[in-house]
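Letters A, B, ... are given to chains in the order of the sequence lines, protein chains preceding strands, and every chain is numbered from 1.
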Amino acid sequence: MPELPEVETIKRELEKTVLNKKIKEVIIYNPFVIKQPSKEKFKKELAGAVIKNILRKGKALIFELSNGKFLVVHLRMTGQLVYPGAGKQARVSFKLSDGKNLDFNDRRLLGELRLVDNWENLQFFKTLGLEPFGLDVNKFKALLNAKKTKIKPLLMDQTFISGVGNLYAAEVLFRAKIHPQRSAALLSDKEKELLFKEIKDVLNEAIHFGGSSVDQYVQLSGKPGNYVKHHKVYDREGKPCLVCKTPIQRIALGGRGTYFCPKCQR
DNA sequence: AATGGGACCTGCGCGC
DNA sequence: TGCGCGCAGGTCCCAT
């Protein structure tokens, strides 16, 4: 469940810890997570490279390397980056020039590592929507007006806007008082404006608290993120709404568990 | 264009 | 207690 706040948290910690360090060696415990190139090339081409810059695009991290290549990391569901890491239980461990490990862990093996010449050529980035922070309210309204689809799956559509996943979509809609099944285009002007504000506010607050540790996510240091205690609806089925005490409902929407307050959200 | 489903994976928690 | 199953949700892919 790493979404924008979790990945941004990791990015900021990476900048403080591994920037300008050299990757001395790559140890691959499970080659399944390496999507390109071959594991042999992956190892060979990363050895000796210095981490020059770290970018985040939506939920993806990009390490810019001194050899001109880019290491693209997507944590998907259960991926973790941990530093300093223990090495052993990792899927891939990057041994750095400071003698410590930057570990990529991933219980479910859905995460992806790619070493590429140009990250912008990857299809994922070509179709990635703008981040909420890169939009103004009028552009956001225009995007919504072009879509008749249900608002909640739309917020999670990374080609629409990038960075929002299932957890934050639920929290944002609660704060905007919008039912997850409402049609995007048919929201009122005021609702669209409030929604836009709450997207940015929720993401910023979550970043402030180091993200939400549900299931597998941890910060780079291995510590949990503390935003969970601020969740209003996510994973609270049957518990009283913190505003009106109505039991929180859970429905399936677009195949995803969707939590909301049936009274507050209309 | 929108929507639904399945696939990729593993491990947890639930009911029987 | 043990076992099988549903479910978690990011992304891609296919069918309707």
- [ ] Give a yes/no answer on whether the side chain of A:H74 brings an N or O atom under 4.0 Å of OP1 or OP2 in C:dT11.
- [x] yes

Task: Pairwise 5' ranking along DNA chain B for A:F32 and A:G254, keeping only the more 5' one - done: A:G254

- [ ] Decide whether A:D103 and A:Y29 meet the rule of one side-chain donor and one side-chain acceptor closer than 3.5 Å.
- [x] no

TODO: Check DNA chain C against residues 141-154 of chain A and give the residues with a non-hydrogen atom under 4.0 Å, in numerical order.
DONE: none

Atom pairs under 3.5 Å, N or O on each side, protein against nucleotides 12-14 of chain B: can you list them with distances?
none

Open item on the list: What's the gap between B:dC14 and C:dG9 when it is taken at their P atoms, as a whole Å value?
Closed with: 16 Å

Open item on the list: Need to verify one output field. Residue with the more 5' nearest nucleotide on DNA chain B, A:L253 or A:L110?
Closed with: A:L253

Open item on the list: What's A:E112 touching, base or sugar-phosphate or nothing? Going by heavy atoms closer than 4.0 Å.
Closed with: nothing

Task: Residue pair A:Y83 / A:K21, side-chain donor-acceptor N/O under 3.5 Å - done: yes

Open item on the list: If I pick the C1' atom on C:dG6 and the same atom on B:dG6, what distance separates them, to the nearest angstrom?
Closed with: 15 Å

TODO: Please work out if A:Q123 contacts a base, only the sugar-phosphate, or nothing of the nucleic acid, heavy-atom cut-off 4.0 Å.
DONE: nothing

TODO: Using both distances under 3.5 Å as the test, list the Watson-Crick or G-U wobble partner of B:dC16, or none.
DONE: C:dG2

TODO: Assign A:G165 to base, sugar-phosphate, or nothing according to its heavy-atom contacts below 4.0 angstrom with the strands shown.
DONE: sugar-phosphate

Open item on the list: Could you check whether A:E112 pairs with A:K35 (Lys NZ or Arg NE/NH1/NH2 to Asp/Glu carboxylate O, under 4.0 Å)?
Closed with: no

Open item on the list: Side chain of A:F124 only, heavy atoms from C-beta on: which candidate in C:dT11, C:dG10, B:dC9 is closest?
Closed with: C:dT11

TODO: Indicate whether any N or O donor in one side chain lies under 3.5 Å from an N or O acceptor in the other, for A:N118 and A:K69.
DONE: no

Open item on the list: Would you say A:Y217 and A:E3 are linked by a side-chain donor-acceptor pair, where the criterion is simply a distance under 3.5 Å?
Closed with: no

Task: Short side-chain N/O contact from A:K59 to OP1 or OP2 of C:dG9, under 4.0 Å - done: no

